[in-house]
Each structure stands twice: as structure tokens, then as C-alpha cells.
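Below is one structure, written out as C-alpha cells; comments come after it.
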Protein chains: 2
Amino acid sequence: MAATLADVAARAGVSTATVSRVLNGNYPVSAVTRERVHRALGELEYVVNGPARALAAATSEVIGVIVNDVSDPFFSIQASGTQWEAASADLLAVICNTAGSPSDELKYISMLLRQRVRGMVLTGGSREEPEHVRAIAKLLGQALSAGTRVVMCGRPAPPGVDVPCVTFDNEGGARTLTRHVLSVGHTRIGYIAGPPGNTTTTARLAGHRQAVQEQGLDDTVVLHGDFSRASGFDAALELLRTSPDLTAIVAGNDLMALGVIAALRQRGVRVPEDISVAGFDDLPAAVDVVPALTTVRLPLDQGARRAGRIASGTEAVTSLSRLWMPAELMVRESVSAPA
Amino acid sequence: MAATLADVAARAGVSTATVSRVLNGNYPVSAVTRERVHRALGELEYVVNGPARALAAATSEVIGVIVNDVSDPFFSIQASGTQWEAASADLLAVICNTAGSPSDELKYISMLLRQRVRGMVLTGGSREEPEHVRAIAKLLGQALSAGTRVVMCGRPAPPGVDVPCVTFDNEGGARTLTRHVLSVGHTRIGYIAGPPGNTTTTARLAGHRQAVQEQGLDDTVVLHGDFSRASGFDAALELLRTSPDLTAIVAGNDLMALGVIAALRQRGVRVPEDISVAGFDDLPAAVDVVPALTTVRLPLDQGARRAGRIASGTEAVTSLSRLWMPAELMVRESVSAPA
DNA sequence: GTGAAAGCGCTAACAA
DNA sequence: TTGTTAGCGCTTTCAC
């Protein structure tokens, strides 16, 4: 069995209270006593019992991070940023993959709740179904009243839940991107959106439509994917079949754009000569595709770090501050003037 | 304050033991009592206190996963696989980024230890420095004697530490890959290895050298990167400068290979016409580069899931079983016969 | 500056 | 089938 505080106390000839004090350094302890305790600690190879401490202190040294899937770079970049910030606050980060399933999301929030995590950050777009939003709101309310710091990163807070939100400018970024596509001369554009009923999908699609309407164009052809490369591939083939006159395809994220490029290549359609392609997120892969992807950069790492710091309690939030993360257009080679 | 077991018991008019029993379903409880308890549970919105349970039961519902950096796809794929398996055992997974720092690695193992995690999986190559290996061995020994399930995924167990190891065939894969490069006619090959003193680097480099020596060739030019895209980029420029007669560059992983391709493109060197390039891992991005990357596929997800199951206690290991994960050569377009 | 002792909320004997 | 009752290992008043 591992040594306990009592063992250490006995060995050092002091009380457990004293050992606890030197461990936490939150009360004065004489130098000699401290020294003796330290020696005992070392000799016994003492390791704090986290659960016991958490029980007594009513809070653990863990924060939770909810993502769709850490194997998706969009999320892994965020998870990584948050984890780093947690680490520098000496906190552990548990990562939860929901695969976009509302029930998994609820399940994970409950699990984090029961672990009495110090904080939690919910990343990525959320489902818009009212019942789900209500369920989330309720759980987050419980978390909040238990003193858990809740932070949203890339998604809105449910109505009535007052928590800090790191907000990426999805709408503005999409608007800017589509304006760019329009500005080089495209008029027949296909848009591959993310899954319906997702806040990120909605925001990006809205931005895209605003830009289209500004030009007085008819609405674009819109198809829905699920933000995966494969769904972008399929949607591109579909667009090719149903709307052969398109000169540009804008995807709701980079992964789908990669799928689009692959599909076009397979069909012998040249990018950008025959069809221009644009993405969103500016994932690392965007510069390795050929042609390099014109896309919108989101400061994912920076935003996630910010969220991580807030959840860890390292950074304070003035309740009103909206943590706004601007989007930046990245013009590369995949979009050019139509032939 | 959140409701406790005692609150629920009082409301249901039973003892805390009974409530605990219906919660854990490990002892018979009459249907009516159970029903009453469930109602109380619901009315009070009871949430188990994880730390308290962990303290009493002497084990938590968490496993730990140690990686270099979850934002690196090599690790995020593994972290994701492990997390999924943990989830299906109703366990939470904490992910720790060490950035390859030995001291961080030790720090995280201690933190996991103190959380009394159910299991932990250490992924990726490990540092070979004897002191570090010894330090790890000691910590893992403590973990083991505390009943924590330890699993290695893609790295060897320290000597004297008897734990299951999911082993990827780095050496064999590298040998096969280089044989392929040689077989199409290359004789002047540059190799960009991973960071020195890393088990993965060593295994892959060894495989590469074996293939080269089989052919009775002089040793290849070897440079070290750090497995990042940027280091591959730099190393490629260096090779171009110092060994302008190379006809092929083999990188220790795909990320560096992407960097190599980018560097060559920037220098106007055609791939594979002027120089062939090969990678290792078969990350998703390998098929989106142009030319598509010839590389070696490692069943990362599968291996990580296996490790996750073992760490979660879902899968038993016959102590002798070596969990061997074969490597598969993926021939694509980035390697062709030299001009 | 240090100790005694009362919990924190749960599990698991042991009884009944 | 259910209740009683010790702890699990730590933090934290409250005394001294």
C-alpha cells in the first residue's frame, strides 16, 4: 500500500495537520519541522491521494474538455491548447469525444460533474435542438452552482446560462471568404455546409449567404456534409452531377474542402482552372494540398488557450467581456477567376 | 450544495447503504425500494461524488494517456482511439502533452498516480537516456503495485517493468519502405530521422540502414529532425545544399515528409521526377499532398484502442502476448525511378 | 507553530 | 433484503 499522510506524520514525529500544511504551504511551519517532514515524505515516497484531497477540499485538480473528436485536427488543436494551459495551472485535462452525439455530450457533462472538475470547456459548434439546449443548460446550471467554471469555446452559451464564451467569427469569416470568391468573378457557386442544426454550420452558412445576397445573386446551391473529408468528397461528386455549371465550390470547413479537391482530381476537373475551391479553418493541411487552399484562418489555438486559462482559473473574466476571435482570409491558390 | 447519498437516503426513507446498492446494482434490492430510491434520486438531481467514491473504493473512474502532443495527428489518432475505448468502459480519459520532455513525462505520471487512475497508456517513442528510463521504471513500478494497469503503446517497457506493450513494427516497416525505394533504382538516398535518443527514431533508422546495407551500399546521409513538418522542411533544404546528388529522401515520419515536399516545391525541385520522397505513418494528409505520399501505414487507431481496452480492463492480456502491430507499405506517387 | 478532532461522501463488512 | 457502522486519506477549524 502507498504511504498516507498519517504514515508520513508518524515518521516525522508530527501531526497530519502539519504534514498537510507543509504539503500545501498555506500555513506557517517552522523550518526544522518542514525539513523533517520533507525527509519523511521522500523516504516514504509519498504520493498525495487525489481523490481524498478532492473529497476534503470539495474540488479536484482536473478540468474537462468536450470535443467532437480529438482525432479531427480542428478539435485536437483546441484540445492541445487547453491542455497546455491546464498543465501550467497544475491541472489535468480529461478529453471527451462526443462524435457530435447530443446524448454523449450530456453523458460526459454529467461524468465531469461527478468528478467535481474545477472547470470545463465545451468546444465546437453545438446542436440547436431546443430540448438539447435546455438539457445542456440545466446541467451547466448545476455545474455553475457547484462552483465549476464553465467556458464555451466556439459555441454560444445556452440562453440563461451566463458563462464566458470564446467566440470565433464564423459568420464574418464566411462572409469575407465568399466576397473574395465573388470578387474574382464567380457567380455560380456551390456551398457545402456542415451538418444541419449545428451552430457553426448555421453561422458560416449565414455569412456565405449574406455575401451572395449583397451581390443580388440568386441563392447558391447548398448541400450538407458532416464536416468530414469523406462527406466533402461525396458532396462534390453530387454537385458535379446536379449542377455542372458551377465555377466554384465553397466548403464549410477545410476537411470537406480537401475531400472536394480529391473528388475533382479524381474526375479530372482542374482546380482552380475549371472550378475554384475554398475551405474554412486553415488547418495545417491547407498549405500542403495542391493547389494550396484558399481559406479562413481561425485562431483556434489561441482561443482554446484562453478558454483553458479561464477554466483553470488562471485568467479572470470580466463578466461582460466577449472573447472575440477574429477570422482572417487566407488567399492562396485554390481560388482564381473563372475561365 | 449538491445532494448527497444521505440526503437521498433520508428522502427515500432508507439507509445510505441501500442507496449505494441501487446505484451500483451489485446487491439485491427489492423492486419497490429501488423504485423509491430512484424517485428520490431524480427529485434531488443527485450526482455521484466521484472523489468520495474513488476514496472509498480506492480507485477512480479515470485512465490517463500520455502523448507528445495531441495536436500532432500521430498522437491525436491514438488519443482518440484510447478515449473511445475508455468511454465504452464508462471511464474518463485524461490526456497529457509532454512535448517530448522527460521531466514533463515524469510529472504527468506522478499526477496520474496521485489521481489513482485505473490505468494509463504511454504512447509514442520514449527517450532512451538510462536515467530517464530508470526514473520511469520506478514510477511505473509504483503504479503497478498500486494496482494501476499500465500499457505501453508504440514504445518498449523499461527493463524490469512487466507490462503489456502494443508494438508497431517500426523497424520492419522502415526496412520494407527503403527496400522499395532501392528497388526502383535509387542509390543515393538521404534520410531524415526523428530526434536522436528516441526509440521510434532508432527503430526506423535501423530498419532503413538494414535495407541499405543489404544492397551493399554505403551508408546514407542521415540528418535529424524532430518529427515536425518544419524540421523536415529545414532538413530538406540542408540536404539540397550539402548533398545535391541525392535522388531520394526518406523521412522518419509523414509530417517531416510533408515539410520535405514543401521545401522541394519551393526550390523548384520536382517530386518524384527530380527527387523521390517517402514518409512513415500514413497520416490522413498523406493522400492529399501532391504527389500522394508513398509511406508506411501503422494501425495507430487499432493499436491505441487495444491499449485503451487493456488499460480500461475491458480486455485481458495473457502476460506473454506481444501485441504486435504490422506495418504496411503504401505505394503512391511520391517515389518513382530516378531520372 | 503545532496538534486534536471533526468531517468531506461514499463503500463494504458485518449484523439483523 | 436492509440497516449500522467503520473507515478511505485528506483539509480545516479550533485549541493550545
Side-chain angles (χ1 to χ4, degrees), chain A residues 1-38 40-41 44-62 111 113-118 142 146-148, chain B residues 1-38 40-41 44-62 111 113-118 142 146-148:
Chain A
M1 259 332 264
T4 69
L5 250 204
D7 298 332
V8 176
R11 175 152 198 137
V14 299
S15 70
T16 60
T18 299
V19 180
S20 173
R21 286 172 190 134
V22 343
L23 242 27
N24 297 299
N26 48 1
Y27 273 90
V29 173
S30 79
V32 291
T33 311
R34 190 171 337 124
E35 175 46 32
R36 239 170 350 144
V37 170
H38 272 133
L41 249 14
L44 264 34
E45 297 188 332
Y46 176 75
V47 178
V48 176
N49 182 314
R53 171 178 284 182
L55 174 58
T59 174
S60 68
E61 294 168 321
V62 177
M111 290 179 79
L113 226 47
R114 83 155 83 171
Q115 288 304 320
R116 301 298 192 260
V117 293
R118 273 276 233 308
Q142 277 188 257
T148 300
Chain B
M1 260 333 262
T4 69
L5 250 204
D7 297 334
V8 176
R11 175 152 198 138
V14 300
S15 71
T16 61
T18 299
V19 179
S20 173
R21 285 172 191 134
V22 345
L23 242 27
N24 297 299
N26 48 1
Y27 274 90
V29 173
S30 80
V32 291
T33 310
R34 188 169 340 122
E35 174 48 31
R36 242 172 346 144
V37 170
H38 272 134
L41 248 15
L44 264 32
E45 297 187 331
Y46 176 75
V47 178
V48 176
N49 183 315
R53 171 179 285 181
L55 174 58
T59 173
S60 68
E61 294 169 321
V62 177
M111 289 178 79
L113 226 47
R114 84 154 83 169
Q115 288 305 320
R116 301 298 193 261
V117 293
R118 274 276 234 305
Q142 277 186 256
T148 299

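Chain A is the first sequence line, chain B the second, and so forth, proteins listed ahead of strands; every chain is numbered from 1. None of these values were measured; they are calculated from a predicted model.
- Side chain of A/Arg21, nearest nucleotide from C/dT2, D/dG3, D/dT11: C/dT2.
- Regarding A/Asn26, its CG atom lies at a distance of 14 Å from the P atom of C/dT2, rounded to whole Å.
- The closest side-chain heavy-atom distance from B/Val62 to B/Gln115 is not below 4.5 Å.
- Residue A/Ser30 places at least one side-chain N or O closer than 4.0 Å to OP1 or OP2 of C/dT2.
- Between C/dA13, C/dG3, D/dT2, one nucleotide has an atom nearer to the side chain of B/Ala17 than all others, and that is C/dA13.
- Protein atom CG of A/Leu5 is 18 Å distant from nucleotide atom P of D/dG7, rounded to whole Å.
- Side-chain nitrogen and oxygen atoms of A/Thr18 include none within less than 4.0 Å of the OP1 or OP2 phosphate oxygen of C/dT2.
- Using a 4.0 Å cut-off, no side-chain N or O of B/Thr16 falls inside it from OP1 or OP2 of C/dG9.
- When distances run from any side-chain atom of A/Ala56 to the nucleotides D/dT1, C/dG7, D/dG3, the shortest one goes to C/dG7.
- Nearest-nucleotide positions on DNA chain C place B/Asn49 closer to the 5' end than the other of B/Tyr27 and B/Asn49.
- Put simply, CG on B/Leu55 is 9 Å from C1' on D/dG7, counting in whole angstrom units.
- For the pair B/Arg34 CZ and D/dT1 C1', the interatomic distance rounds to 11 Å; values are reported in whole Å.
- A straight line from CZ of B/Arg53 to C1' of D/dG9 spans 18 Å, rounded to a whole angstrom.
- Counting non-hydrogen atoms under 4.0 angstrom, A/Ser20 reaches a base of the nucleic acid.
- Looking at A/Val22 and A/Val14, their side chains never come closer than 4.5 Å, going by heavy atoms from C-beta outward.
- Contact between A/Pro51 and B/Leu55 at its shortest, heavy atoms only, is CB-N, 3.9 Å.
- Taking both residues in full, the closest heavy atoms of B/Val48 and A/Arg116 are given as O-NH1, 3.3 Å, listed atom of the first, atom of the second, then distance.
- Nearest to the side chain of A/Ser15, among D/dT11, C/dT11, C/dG3, sits C/dG3.
- A/Arg118 approaches A/Thr59 most closely through the heavy-atom pair CD-OG1, 3.3 Å.
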